[in-house]
Asks: 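This is the structure, below, for whatever I ask next.
What you see is a predicted model, and the numbers here were worked out from it, not measured in a lab.
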Amino acid sequence: MALLRADPDVAGQLEKSLRDCPGSSCPLRPPAYPDLTGDGRPAVVLVVEGHGFAEVYVYVATSGNSVRQVLQHSTTGVVDAGTIDHDLVIKSSGNHEEITRYHWNGKLMVPVPLDSPSAVRTP
């Protein structure tokens with residue numbers, strides 16, 4: 001939560017949503033720490049769910065003790081985030097189901113086209 005509050009690109013947007021944190025009404029899920037860059041170091045994946053919306057944020061370590069945001073994914077409805085290899089897969093279900101797979105390009109997490117052979121397919 002401190003990471004989101006310290007991020008100037010996020011703090012204003014989520015200020016009202018995070019006012020109940022920590023606590024039972026906090027919309028912030030526990031963080032996940034997968035290796036999304038392939039460098040053996042964990043990224044930080046944070047999911048905030050509000051009333052009808054969800055935000056997924058990914059941060060990676062930079063030189064020193066700094067971190068930087070490499071993905072902000074906004075959607076409506078409920079969201080599940082998981083990994084396949086070093087890729088982040090976000091499944092959102094609002095009015096319709098949507099699956100987006102993100103891959104590290106050396107600087108940011110970028111979407112993988114769904115018609116790509118490595119893309120996630122709904123069973």
Side-chain angles (χ1 to χ4, degrees):
M1 181 173 54
L3 187 57
L4 289 174
R5 286 186 170 149
D7 185 339
D9 294 331
V10 174
Q13 295 171 251
L14 295 178
E15 189 172 343
K16 289 180 183 178
S17 297
L18 297 177
R19 71 173 173 244
D20 293 328
C21 299
S24 61
S25 298
C26 179
L28 179 64
R29 290 191 195 162
Y33 301 98
D35 174 8
L36 296 174
T37 63
D39 66 0
R41 298 181 349 182
V44 179
V45 178
L46 300 170
V47 177
V48 179
E49 286 188 322
H51 299 287
F53 77 92
E55 301 275 345
V56 179
Y57 300 94
V58 177
Y59 295 87
V60 296
T62 60
S63 59
N65 290 331
S66 299
V67 296
R68 69 180 179 92
Q69 185 188 115
V70 294
L71 176 69
Q72 178 178 351
H73 177 96
S74 301
T75 189
T76 58
V78 178
V79 70
D80 288 317
T83 58
I84 295 177
D85 298 321
H86 295 291
D87 292 353
L88 179 68
V89 179
I90 300 173
K91 178 180 174 184
S92 56
S93 49
N95 293 336
H96 65 281
E97 182 176 276
E98 179 180 303
I99 298 174
T100 308
R101 184 173 181 167
Y102 289 95
H103 182 78
W104 178 249
N105 74 356
K107 294 183 180 186
L108 297 170
M109 299 297 295
V110 295
V112 175
L114 290 179
D115 59 355
S116 151
S118 63
V120 176
R121 303 272 185 229
T122 305

Asks: Quick one: NE2 on His103 to CD1 on Ile84, what's the gap to the nearest 0.5 Å?
Replies: 12.5 Å
Asks: Is there a path of hydrophobic side-chain contacts, each under 4.5 Å between heavy atoms of I/L/V/M/F/W/Y residues, joining Ile90 to Val78?
Replies: no
Asks: Applying salt bridge (charged side-chain N to carboxylate O under 4.0 Å, His left out) as the test, list every pair that has at least one member in residues 67-85; sequence neighbours left out.
Replies: none
Asks: Only one of Val112, Thr100, Ile99 forms a side chain to side chain contact (heavy atoms under 4.5 Å, CB included) with Val89, so which one is it?
Replies: Ile99
Asks: At their closest point, which heavy atom of Ala54 faces which heavy atom of Gly77, and how far apart are they?
Replies: CB-O, 3.8 Å
Asks: Return the set of residues passing side chain to side chain contact (heavy atoms under 4.5 Å, CB included) with Pro34 (not counting sequence neighbours), or none when no residue passes.
Replies: Ala32, Leu36, Val45, Thr83
Asks: What's the separation between atom CE in Met109 and atom CD in Gln72, rounded to the nearest 0.5 Å?
Replies: 14.5 Å
Asks: Output every pair passing salt bridge (charged side-chain N to carboxylate O under 4.0 Å, His left out) with a member in residues 51-63, not counting sequence neighbours, ordered by first then second residue.
Replies: none
Asks: My understanding is that only residues two or more places apart in sequence, or in another chain, count here; which of them pass ring-ring contact (aromatic ring centres under 6.0 Å, His included) with Tyr102?
Replies: His73
Asks: Among all residues two or more places apart in sequence or in another chain, which pass the salt bridge (charged side-chain N to carboxylate O under 4.0 Å, His left out) test with Arg29?
Replies: Glu49
Asks: Contact between Val79 and Val47 at the side-chain level, heavy atoms closer than 4.5 Å - yes or no?
Replies: yes
Asks: I want to check something: taking the side chain as every heavy atom from C-beta on, are Val48 and Leu46 in contact at a cut-off of under 4.5 Å?
Replies: no
Asks: Which pairs pass salt bridge (charged side-chain N to carboxylate O under 4.0 Å, His left out) with one or both residues in residues 30-41, sequence neighbours excluded?
Replies: Asp39-Arg41
Asks: Could you walk me through whether Tyr57 and Leu3 pass the side-chain contact (heavy atoms from CB on, under 4.5 Å) check?
Replies: CA-CA 10 Å; Tyr57 300 94; Leu3 187 57; over 6 Å; no
Asks: Enumerate the residue pairs fulfilling ring pair (Phe, Tyr, Trp, His ring centres under 6.0 Å) with a member in residues 12-38, sequence neighbours excluded, ordered by first and then second residue.
Replies: none
Asks: Give me the atom names and distance for the closest heavy-atom approach of Ala61 to Val67.
Replies: CA-CG1, 4.1 Å
Asks: Let me confirm one number: the CZ-OG1 distance from Phe53 to Thr75, rounded to the nearest 0.5 Å.
Replies: 11.5 Å
Asks: Just checking, any donor-acceptor pair under 3.5 angstrom between side chains of Asp7 and Tyr59?
Replies: yes
